[in-house]
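Data block below; observations after.
Hydrogens, waters and symmetry mates are skipped; everything else that's a heavy atom, side chains included, is used.
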2 protein chains.
Amino acid sequence: MSRSRVTIVDLARELGISKTTVSDALQGRGQVADATRERVRAAAERLGYVQNRAARNLRTSRVGAVGLHVPPVVREFSFYMEFAFGAVQGAAALDTDLVLFARDPDHTAGRPFAVDGAIVVDPLPDDPIVRRLKQQGVPVVTVGRCLGDDPPVVDATIEATHSARAREVLDDLWAAGRRRPAFLGSDALFFSSWAFDVRAAYLGWCADRDVEPRLDDVAVTAGPDEVRRTVEELVDAPGVDALVCAPQGFAGRARGILAATGRDVTAGFDLVSLVGDPATELGDPAITVVDPTPFAFGEEAAALLGEVLAGTTGGPVARFHEARIRQSDALAAALGRAD
Amino acid sequence: MSRSRVTIVDLARELGISKTTVSDALQGRGQVADATRERVRAAAERLGYVQNRAARNLRTSRVGAVGLHVPPVVREFSFYMEFAFGAVQGAAALDTDLVLFARDPDHTAGRPFAVDGAIVVDPLPDDPIVRRLKQQGVPVVTVGRCLGDDPPVVDATIEATHSARAREVLDDLWAAGRRRPAFLGSDALFFSSWAFDVRAAYLGWCADRDVEPRLDDVAVTAGPDEVRRTVEELVDAPGVDALVCAPQGFAGRARGILAATGRDVTAGFDLVSLVGDPATELGDPAITVVDPTPFAFGEEAAALLGEVLAGTTGGPVARFHEARIRQSDALAAALGRAD
DNA sequence: TTGAAAGCGCTACCAG
DNA sequence: CTGGTAGCGCTTTCAA
């Protein structure tokens with residue numbers, strides 16, 4: 001219960017110096033003699049001093065926290081949780097806490113945002129949260145772009161290189177002899193710029209290769225039966241020899257469904273996840289997966305917000321996070337042969 | 001960019017009253033005339049006043065935030081994310097933010113916990129995080145009990161009624177004619193009190209019914225092949241006519257595996273998840289699932305922490321969160337017949 | 001019912 | 001290199 005009541009004044013008295021010097025010594029600020037600094041540090045350690053954040057925040061007129069918003073529809077994708085913890089880590093590097101924004105921001109509309117800045121992950125088209133944040137003058141980094149008719153201007157944007165990776169995967173499939181990959185996308189309930197981009201990448205690739213697109217959507221909240229129906233219908237078309245799944249985890253869920261239709265995912269048919277789920281997809285050598293490396297992604301987003309807050313970006317920035325491809329054993333073998 | 005610079009002093013000057021009255025009026029404190037209160041509110045609204053939390057926190061010596069720790073191994077279970085957002089909601093009701101503790105608390109050991117209290121979800125046996133929090137005098141609510149040789153004393157504990165629900169499900173299976181349910185648990189990497197309890201419930205039930213237990217564990221991070229091997233082996237024993245899966249999502253993953261072995265989950269074999277995954281299990285009428293209602297659970301945990309902080313608990317408390325059972329269509333039908 | 005004054009713990013500023 | 005002073009915006013006495 002000894003919630004540290006030790007203040008810099010206590011340390012100053014203890015050491016017979018001024019609290020300014022103590023503060024400077026502890027924060028590595030000002031011109032303090034090394035010996036003094038060391039004495040202060042030792043005393044702080046000994047007496048169990050911990051800085052009072054409220055006091056510092058008041059004085060420096062910061063809040064000491066950044067906010068994170070993730071879209072309600074898809075929170076069960078593990079991507080977001082890992083991303084969140086990456087963002088925590090990145091925020092910690094800025095000496096800042098990370099607070100979660102409530103699920104229903106309208107519900108807590110009474111509470112104004114008490115943050116120095118915010119990260120909004122996968123904003124939906126015309127997502128009101130971004131607009132409200134900007135209205136209140138909160139610096140915002142979005143993960144993915146804001147789509148919509150009149151998108152709000154944000155301070156920075158970071159997105160994974162998913163379009164490029166999607167095309168690379170499709171090219172790999174082609175090189176391995178696949179001629180008609182089908183595409184499973186997410187429906188309008190989750191239409192982030194990411195969902196838009198991978199779909200566009202697929203359609204663009206099909207146009208370039210003169211492949212007839214075979215595309216369907218599924219709700220990200222879909223139960224097994226709906227997923228099964230959609231997958232079966234999707235692959236039950238002339239020449240379909242691969243399935244590319246956009247939303248996280250759906251390739252993993254599709255694997256058993258495909259097996260039940262007699263398709264062998266380890267040979268003769270390729271299964272791809274554009275956002276790998278750790279256990280069911282990245283952990284499955286039969287699936288080719290784009291690993292979004294969400295933890296690092298979150299760290300980078302927080303670091304970017306840090307730059308925005310420091311004012312070193314100078315105007316809106318767009319940045320990219322490198323996603324990477326982990327080929328299935330079968331695809332890697334086929335490409336090895338093709339080389 | 002108009003980061004609210006309006007203070008109660010501004011309001012006071014504007015209205016020609018003292019800042020004390022403004023503060024009291026806004027916070028519903030003291031004896032302020034209704035008319036005055038209304039004038040103050042209106043002015044605050046008009047000028048866009050927002051309270052400076054740092055100043056209030058400094059004055060009231062609070063931090064204005066509670067921390068949430070979730071176990072690193074299993075963060076990809078959607079349970080935790082939903083729980084977290086429930087906790088955010090519950091914390092908001094206490095006028096408190098919810099900050100996420102970093103994945104690797106040792107890594108950020110330099111940063112002392114800057115929170116009024118903490119919620120630790122599913123502490124592992126001898127989890128160091130709880131001890132460190134208590135050492136620093138932080139009030140702690142754990143979700144699940146702290147196991148281990150010398151468990152730290154926490155201020156309150158809340159757990160789902162999973163033992164009771166597990167036994168009820170097993171009794172239901174029995175009533176529907178199942179005579180040997182197998183049990184899929186989680187391995188030592190994730191051995192929370194929850195994992196301990198459901199296992200104990202299973203073994204206890206087997207002893208009571210004179211059923212020979214059939215139990216195996218799987219890593220919560222296991223890939224498809226490991227899960228398949230484990231499930232196949234588990235059900236490939238004399239008389240096994242149901243599979244009860246402890247960790248979230250594993251029943252969903254087992255469903256296709258069982259189908260491939262010729263077992264019909266909609267008839268003749270029952271599949272149970274003791275922690276329902278929203279899409280793959282709760283969304284599947286073929287699986288009997290215990291719904292942990294994680295959002296409400298998180299809200300309750302935060303409310304409990306609120307009581308602890310308010311000092312209204314008076315000594316350590318143990319509380320329970322009601323989980324509920326959603327029977328599969330087949331099980332419901334069988335029990336309907338049995339009644 | 002209202003207001004004046006004190007002060008939470010810290011950092012910024014400036015004088016020595 | 002060090003220290004004194006001021007003050008961030010708020011709540012809490014306590015006096016009017």
> Quick one: on DNA chain C, does Ala55(B) or Asp34(B) contact a more 5' nucleotide (nearest heavy atom)?
Replying inline: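 It is Asp34(B), whose closest nucleotide lies nearer the 5' terminus.
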
Establish, with yes or no, whether the OP1 or OP2 oxygen of [N] is under 4.0 angstrom from a side-chain nitrogen or oxygen of [X].
| X | N | answer |
| --- | --- | --- |
| Thr7(A) | dC8(C) | no |
| Ser23(A) | dC10(C) | no |
| Thr60(A) | dT11(C) | no |
| Ser18(A) | dG3(D) | yes |

Residue [X], side-chain heavy atoms: nucleotide from [options] that is nearest:
| X | options | value |
| --- | --- | --- |
| Arg59(B) | dA6(C), dT1(C), dC10(C) | dA6(C) |
| Gln27(B) | dT11(D), dC10(C), dT11(C) | dT11(D) |
| Lys19(A) | dT2(C), dT2(D), dC10(C) | dC10(C) |
| Thr21(A) | dC10(C), dA5(C), dG3(D) | dG3(D) |
| Asn52(A) | dG9(C), dA5(C), dC1(D) | dG9(C) |

Measure the distance from [atom1] on [X] to [atom2] on [N] and round it to the nearest whole Å.
| X | N | atom1 | atom2 | answer |
| --- | --- | --- | --- | --- |
| Leu11(A) | dG3(D) | CG | P | 14 Å |
| Arg39(B) | dT1(C) | CZ | C1' | 13 Å |
| Gln31(B) | dG3(C) | CD | C1' | 15 Å |
| Asn57(B) | dC10(D) | CG | C1' | 10 Å |
| Arg62(B) | dT11(D) | CZ | P | 10 Å |
| Arg56(B) | dT11(D) | CZ | P | 7 Å |
| Arg37(A) | dC1(D) | CZ | C1' | 11 Å |
| Asp10(B) | dC10(D) | CG | P | 9 Å |

> Side-chain donor-acceptor pair under 3.5 Å between Asp122(B) and Tyr80(B), yes or no?
Replying inline: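 Note: Asp122(B) and Tyr80(B) side chains meet the donor-acceptor criterion.
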
> Taking atom types as modelled, is there a side-chain donor on Thr21(B) or Ser18(B) under 3.5 Å from an acceptor on the other?
Replying inline: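 Ser18(B) and Thr21(B) do have a side-chain donor-acceptor pair below 3.5 Å.
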
> With a non-hydrogen cut-off below 4.0 angstrom, is Thr20(A) in contact with a base, only sugar-phosphate, or nothing?
Replying inline: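 Here Thr20(A) touches the bases of the nucleic acid.
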
> When all nucleic acid strands are considered with a 4.0 Å heavy-atom cut-off, which category describes Ser61(A): base, sugar-phosphate, or nothing?
Replying inline: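 No contact at all - Ser61(A) keeps every heavy atom at 4.0 Å or more from the nucleic acid.
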
> Roughly how far apart are Thr36(A) OG1 and Asp24(A) CG, rounded to 0.5 Å?
Replying inline: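 Here the interatomic distance stands at 11.0 Å.
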
>> For His69(A) versus Asp127(A), what's the shortest heavy-atom pair and its separation?
In response: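 Scanning both residues completely, I find the closest heavy atoms to be NE2-OD2, 4.5 Å.
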
>> Salt bridge or not between Asp95(A) and Arg56(A)? Use side-chain N to carboxylate O under 4.0 Å.
In response: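 Salt bridge: yes.
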
> Taking for each residue the nucleotide of DNA chain D bearing the nearest heavy atom, is the 5' side occupied by Ala54(B) or by Asp24(B)?
Replying inline: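 So the residue in question is Ala54(B).
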
> So Phe297(B) and Phe79(B), would you call those rings parallel, tilted or perpendicular, with 30° and 60° as cut-offs?
Replying inline: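 Rings of Phe297(B) and Phe79(B): perpendicular, over 60°.
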
